[in-house]
Amino acid sequence: MSRNIGAIAVALVIFFLGGTFVLTRPVQGAQTSTVADLMTLPAIAAQSVPYGEAIANGKPAFIEFYADWCMTCQAMAPTLAKAHERFGAAINFVMLNIDDPQWQSTVATYKVTGVPHFVLLEEEQVAVDTFIGKVPFQILSERLSSLVG
């Protein structure tokens, strides 16, 4: 009887080790992981124009209000990186983390109720458009093109 219990215990251990291996192995061709997306937001934020500079330099601005924990913000990161690459010379790209207390008055000024929240500002810093949530690159590109041209 004790041999059977020992054999069953060994079989269970092998079964669970095999299951753990299958469930935790890297998947070939998988999309970007959430951990990689979390690293993308701070990287893009680090490349953005500081808010004070964007308001003062006379260029149109694209402001993103985001949060590190926001899955839609993370999903939008590649789209925003592409837009920044295309329009970055002509438009100030600004990223403001809504969880940072220094931006609470700015969050209130632009009536941010959810993230991501995007605001497009003309050269005179007048808001001309607002988007909330996931925005396809095509729409974003068209609005940024009209802002520049």
Side-chain angles (χ1 to χ4, degrees), residues 9 11-149:
L12 284 173
V13 168
I14 291 171
F15 175 77
F16 284 113
L17 285 174
T20 302
F21 173 76
V22 168
L23 293 174
T24 60
R25 76 183 190 289
V27 177
Q28 296 294 334
Q31 294 292 331
T32 307
S33 71
T34 302
V35 173
D37 289 337
L38 285 172
M39 290 188 280
T40 302
L41 279 175
I44 294 172
Q47 296 174 359
S48 73
V49 177
Y51 179 73
E53 181 182 326
I55 296 302
N57 71 9
K59 287 171 52 176
F62 176 85
I63 303 173
E64 177 187 5
F65 293 91
Y66 76 99
D68 290 331
W69 48 262
C70 169
M71 298 302 267
T72 305
C73 300
Q74 295 167 22
M76 284 292 299
T79 300
L80 295 176
K82 187 175 174 182
H84 186 263
E85 184 178 307
R86 183 169 175 191
F87 296 99
I91 298 174
N92 293 310
F93 279 79
V94 179
M95 292 186 65
L96 304 178
N97 188 333
I98 64 164
D99 292 329
D100 188 334
Q102 71 174 318
W103 303 122
Q104 291 311 302
S105 65
T106 309
V107 166
T109 298
Y110 291 104
K111 298 174 176 56
V112 176
T113 58
V115 288
H117 183 109
F118 308 103
V119 178
L120 280 71
L121 303 175
E122 292 179 326
E123 293 87 354
E124 299 82 24
Q125 304 314 312
V126 175
V128 294
D129 215 342
T130 300
F131 299 102
I132 300 171
K134 193 167 184 176
V135 182
F137 179 76
Q138 177 75 23
I139 293 171
L140 191 58
S141 180
E142 288 171 5
R143 290 302 297 136
L144 292 173
S145 290
S146 68
L147 190 63
V148 173

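Note that the structure is a prediction, hence the values are computed from the model and not measured. Residues: numbered from 1 along the sequence shown. Every heavy atom of this structure was used, including side-chain atoms; hydrogens, water molecules and symmetry mates were not.
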Q | Contact summary for Leu41 and Cys73, nearest pair of heavy atoms | A | CD2-O, 3.7 Å
Q | Non-hydrogen atoms of Pro60 and Ala90 that approach each other most closely | A | CD-O, 3.6 Å
**Q.** Residue list, ring pair (Phe, Tyr, Trp, His ring centres under 6.0 Å) with Phe131, at least two apart or on another chain
**A.** none
Q) Any side-chain hydrogen bond (donor to acceptor under 3.5 Å, both in side chains) pairs touching residues 52-62, not counting sequence neighbours? A) Asn57-Asn92
Q: Might you point out which heavy atoms bring Val49 and Val94 nearest each other, and give the distance in Å?
A: O-CG2, 3.5 Å
Q | Residue list, side-chain hydrogen bond (donor to acceptor under 3.5 Å, both in side chains) with Gln102, at least two apart or on another chain | A | Asp100
Q.
By the salt bridge (charged side-chain N to carboxylate O under 4.0 Å, His left out) test, which pairs, at least two apart or in different chains, include something from residues 102-111?
A. none
Q | For the student: nearest non-hydrogen atoms of Ile44 and Ala81, plus distance | A | CD1-CB, 4.1 Å
(Q) Restricting to non-hydrogen atoms, name the atom on Val115 and the atom on Phe65 that form the minimum distance, rounded to 0.1 Å. (A) CG1-O, 3.5 Å
Q) Counting heavy atoms not belonging to Glu85, are there more than 12 under 6.0 Å from its CD? A) no
Q: Only counting residues at least two apart or in another chain, list the ones meeting side-chain contact (heavy atoms from CB on, under 4.5 Å) with Gln138.
A: Glu142
(Q) Restricting to non-hydrogen atoms, name the atom on His117 and the atom on Tyr110 that form the minimum distance, rounded to 0.1 Å. (A) NE2-O, 3.6 Å
Q | Qualifying residue for side chain to side chain contact (heavy atoms under 4.5 Å, CB included) with Pro116, from Leu80, Ile98, Thr72, Ile132 | A | Thr72
Q: With sequence neighbours left out, write down each residue that passes side-chain hydrogen bond (donor to acceptor under 3.5 Å, both in side chains) with Ser141, or none if nothing qualifies.
A: Arg86
Q: Name all residues meeting the ring pair (Phe, Tyr, Trp, His ring centres under 6.0 Å) criterion together with Phe62; count only those two or more places apart in sequence or in a different chain, and write none if there are none.
A: Phe93, Phe118
Q. Going from CG on Leu140 to OG1 on Thr79, what distance comes out if it is rounded to the nearest 0.5 angstrom?
A. 7.5 Å
Q | pair Pro78-Phe137: side-chain heavy atoms closer than 4.5 Å | A | no
Q: Could I get the full list of side-chain contact (heavy atoms from CB on, under 4.5 Å) partners for Gln125, not counting sequence neighbours?
A: Ile55, Ala61, Leu121
Q.
side-chain contact (heavy atoms from CB on, under 4.5 Å), that's the test. Do Asp68 and Asp99 meet it? Break it down for me.
A. CA-CA 8 Å; Asp68 290 331; Asp99 292 329; 5.9 Å; no
Q: Any chance you could measure His84, atom NE2, to Ser48, atom OG, to the nearest 0.5 Å?
A: 7.5 Å
Q: Could you walk me through whether Leu96 and Ile63 pass side-chain contact (heavy atoms from CB on, under 4.5 Å), step by step?
A: CA-CA 7 Å; Leu96 304 178; Ile63 303 173; 4.0 Å; yes
**Q.** Counterpart residues, side-chain contact (heavy atoms from CB on, under 4.5 Å), relative to Thr109 (two or more places apart)
**A.** none
**Q.** For Val128, all residues meeting side-chain contact (heavy atoms from CB on, under 4.5 Å), sequence neighbours excluded
**A.** Leu120, Glu122, Arg143, Leu147
